[in-house]
Number of protein chains: 2
Amino acid sequence: MAATIKDIARLAGVSPATVSRVLANKTAFYGPATAQKVQAAALKLGYRKNTAAAELVTQRSNVIAVVVNSVKTNFSSQIITGIQDTAAAHGLNVIIVYAGIVDPEAQRKALLTVIERPVMGILLLSINLTPENLALLQGAQTPYCFLSIAFDDGDLPSIASDDWQVGYEATQTLLKAGHRKIGLAAVDSDSHTGRFRLAGYESALRDAGVTPQADWVQPGVYSYAAGREAMAAYGATSGLTGVVAGSDMAAIGVLNQSRDLGLRVPNDLSIVSIDGTEMCELVQPQLTSVSQNFYDMGAAGVRQLLEPDKQSQQVTPIRVVDRQTVRVL
Amino acid sequence: MAATIKDIARLAGVSPATVSRVLANKTAFYGPATAQKVQAAALKLGYRKNTAAAELVTQRSNVIAVVVNSVKTNFSSQIITGIQDTAAAHGLNVIIVYAGIVDPEAQRKALLTVIERPVMGILLLSINLTPENLALLQGAQTPYCFLSIAFDDGDLPSIASDDWQVGYEATQTLLKAGHRKIGLAAVDSDSHTGRFRLAGYESALRDAGVTPQADWVQPGVYSYAAGREAMAAYGATSGLTGVVAGSDMAAIGVLNQSRDLGLRVPNDLSIVSIDGTEMCELVQPQLTSVSQNFYDMGAAGVRQLLEPDKQSQQVTPIRVVDRQTVRVL
DNA sequence: CTGTTAGCGCCTTCAT
DNA sequence: ATGAAGGCGCTAACAG
C-alpha cells in the first residue's frame, strides 16, 4: 500500500489536516517545526499524493486533455508543443489520448476516457466528431476547443487557419509565378476545411482570369498516398504546370510520383504545399509552402480553455514560405 | 454540477447502491425492471461516471500511461500504435504525456503527473531517467517498463532491439557491399544504446579485417541536425564510402549534407539508416535501413505490464531492408 | 497554529 | 433483488 497522509500524520504525531496543509504549502497555517516533522515523515514513507482523491474533493483539476485523431499526422507535434509550453506556463499538466481517425467507436472511447475523469479542459486536434460524439462532448461540463479545424456551425469554439485564405494564397503563389493551369491535390471534399480550400483555390484562379477545370482537382485525405494517387491521376501529360497539395505529406506524394512519371520538380512541375512543417525542408527539392502557425494554435487553445466565455472562433495567420518547388515561368 | 449516481437513484426511485450495480452491469444483482428505470434516468440526466472516484475506492485503474521524451521523434508513433492496439485488446485505456528530452525537471513533472494518479502501469519510450527520477518511478508502486532503450543495469525491465546487433548488422550491410571505410554518424556516446551500437560497428569492422579509425565516428544525438553536422565534419574528401546513421532523421541529415557537399548518394557515398520508419521511403533516394520492430515493442510493453513478474529484459528482432542508398562496389 | 468533522462520488460488504 | 452503512485519500470549513 502506498503511504497516505494518515500514515504521515501518525508518524509525525500531528493530524491529517495539518499534513495536508504543509504538503499543500499553505504557509499561513503551520509553523516551521511541524513542517519539518511532516516533511521528514513524508520523505521517509516515500509519500505520493493521490491526485485523484484531491481532485475529487476540490472539484477541479489542473490537467488539460488533448485528443488527437491519429498517430500519423506530423503537424500535431507543433500544436502539442504549443499546448505544452502554454500549459506549463499556467501550471497545467497535459495528457494526450489518441482517437481513431474515423472509427466513431474509437472516437467515443477516447472521449470517454477523457470525460470520465476530472480534466479542466479538452482540446481536439483536427478531430471531426460524429453528431453523437459531439453531443457527448457537449454533455460533459468541461470547456473544450477544436484546433486546426473549423465548422460551418459557428457555435463550436475552434482555432484554425482561414482555409479559404489558405487555398487562395497557395494558388496565388503559383499564379504570381506565371502559372495558369494549376491542380489541387489531396484535399478532401467533405469537410469544411476541404471545401473552403477548394473555394479559395477557385477564387484565386477566377481572380486571375483562369477558368477552373473539373479535372484539375483530385480530392484525397491529405496523406502521402493521396498525394501520389492524385499525381498519378493527373499523369505526365495533363498540361498542369503547378499543383497545390493539401498537406506536406501529400506534397511529398505528389513530388515522388512526379519523379516516377519522369517529371522534374520544379522544372516541369511546380508544387505548393500546405502546412509548412519541418518535412518541407527534409525533402529535395525543399517544398514551398503555405505555412500554418501550429504552435500558436496550440497556445491559443490553452488560453481559450482558460477563459471559455471569450470569442470562440479564432483564426491564426498563415504565411507563404518560398523554398524550391515553385519555378517562375 | 454533473449528475451523480445519487441523482439517478432519486429520479429512478431506487438506492444509489442499485444504480451502481446496474451501471456496472452486475447482472446477477438486479432485475430487468429496475435496470430499465435506472438506465432511463441515467440517460435523461446525461450521467457520466466519475472514474477517479471509482478508482479511488476500487484501488485499481485500467489506464496505462506512456511517457514520451519529445515531440520530435517519429518512430514513437509506431510504438504508440502497438501500445494502443494491445491495450485496447485488453480493455485498457492509454494516456500519453510528454517529458522533456533532457531537462530533469520536465521529466520529473511528467513522471509526477503520471505517478500521482491511479494508473495500472507506466511505459517509458526512449527515456533516460536521472537517478533521482528513476528512484521516484521505482518508489511508486506501479509496474513500469522501458521501451526502445536498454540499460547496463540488468534489473530494469525493458524491451528494445539488441543495439550491438543493430550496429553490427548496419555496418555489415555496407561491408558486404564491398565498403571498407565506413563512418558512424549521430550516435551518442553516453548512453547504453550508443555505446553498444558503436561496439557492434567496431566488431563488424574488425571481423572484416578493417581497423576502426577514430575520425570515422562522429557522435551526435540522433537528430537531423546531428546527421548534417556529422557529415559536415567528415567533409567531401574523407575517403569514406559508406556511413551508418544513428536514426532515420540523422540519415536524412547525412543525405542532405552530402548533397550540399557535392556528393551523390549512393554513387559517391552509401548510407545505412537505423530505425526504418516511413521516412525512409519518403526521401530520395530511399534509405536502406536496419529496421526495428517498433510496433511489437509497444505491444510487448503492454504485455509486460500485465505480468510484471515475467522475464524483464526483452529483445525485439531487427531486419535490414534494402532500398536505394547502398551501392555495391 | 492545530485538531475535529464532514463529505467529494463511488463501490462493497452486510443485512434484509 | 435491494437498501443501509462505511470508507477509499484528501481538503475545507469550523472550532479552538
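Each chain gets a letter, A, B and so on, in the order the sequences are listed, and its residues count up from 1.
Using a 4.0 Å heavy-atom criterion, one finds that Arg60(A) contacts the sugar-phosphate atoms exclusively. Residue-level contact check: Ala17(B) touches the bases, meaning some heavy atom is under 4.0 Å from a base atom. Among the atoms of the strands shown, only primed sugar atoms or phosphate atoms (P, OP1, OP2) are found under 4.0 Å from some heavy atom of Tyr30(A). Using a 4.0 Å heavy-atom cutoff across all strands shown, Thr51(B) reaches no nucleic acid atom at all. Residue contacts shown for Ala28(B) are limited to sugar-phosphate atoms, with no base heavy atom under 4.0 Å away. Among the heavy atoms of the strands lying under 4.0 Å from Thr18(B) are primed sugar atoms or P, OP1, OP2 only; no base atom is included. When heavy atoms are screened at a 4.0 angstrom cut-off, Ala24(A) is found touching no nucleic acid atom at all.
Of the candidates dA12(D), dC11(C), dC8(D), dC8(D) carries the atom nearest the Leu56(B) side chain, counting heavy atoms from C-beta on. In the set dG3(D), dC11(C), dG9(C), the nucleotide with an atom closest to the side chain of Ala53(B) is dG9(C). You'll find that the side chain of Arg21(A) is closest to dG3(C), out of dC11(C), dG9(D), dG3(C). Closest to the side chain of Asn50(A), from the set dC10(D), dC11(C), dT2(D), is dC10(D). Minimum atom distance to the side chain of Ile5(A) is reached by dC10(D), of the listed dT12(C), dA12(D), dC10(D).
When the side-chain nitrogen and oxygen atoms of Thr4(A) are compared with OP1 and OP2 of dG9(D), none of them lie within a distance under 4.0 Å. An OP1 or OP2 oxygen of dA1(D) is reached within less than 4.0 angstrom by no side-chain nitrogen or oxygen of Lys26(B). For the OP1/OP2 pair of dG9(D) and a distance below 4.0 Å, the side-chain nitrogens and oxygens of Gln59(B) include at least one atom meeting the criterion. Residue Thr34(A) has a polar side-chain atom (N or O) positioned under 4.0 Å from OP1 or OP2 of dT2(C).
The two atoms that bring Asp155(B) and Gln313(B) nearest to each other are N-NE2, 4.2 Å, heavy atoms only. When all heavy atoms are compared, the tightest approach of Gly301(A) to Leu123(A) is O-CD1, 3.7 Å. The shortest heavy-atom contact between Ala99(B) and Ile127(B) is CB-CD1, 4.3 Å.
Rounded to an integer number of Å, the gap from NZ of Lys37(A) to C1' of dC1(C) is 12 Å. Going from atom CD of Glu55(B) over to atom P of dC8(D) covers 17 Å, rounded to whole Å. Between Lys49(B) atom NZ and dC8(C) atom P there is a gap of 19 Å when expressed in whole angstrom units. For the pair Asn62(B) CG and dC10(C) P, the computed distance is 16 Å after rounding to whole Å. Distance CZ (Phe29(B)) to C1' (dG3(D)): 14 Å, rounded to an integer number of Å. In this structure, Asn25(A) places its CG atom 16 Å from C1' of dC10(D), rounding to the nearest Å. For Glu116(B) and dT11(D), the CD to P distance is 10 Å, given to the nearest whole Å. The separation between Arg117(A) atom CZ and dG9(D) atom P is 18 Å, rounded to whole Å.
Rounding to the nearest 0.5 Å gives a distance of 10.0 Å between OG1 of Thr18(A) and CD1 of Ile5(A).
Residues Ser158(B) and Leu156(B) are not in side-chain contact: their nearest non-hydrogen atoms beyond the backbone lie 4.5 Å or more apart.
In terms of modelled atom types and a separation under 3.5 Å, the side chain of Asn50(A) and the main chain of Ala52(A) share a donor-acceptor contact.
Checking Thr58(B) against Ser15(B), the closest nucleotide of DNA chain D that is more toward the 5' end is the one next to Ser15(B).
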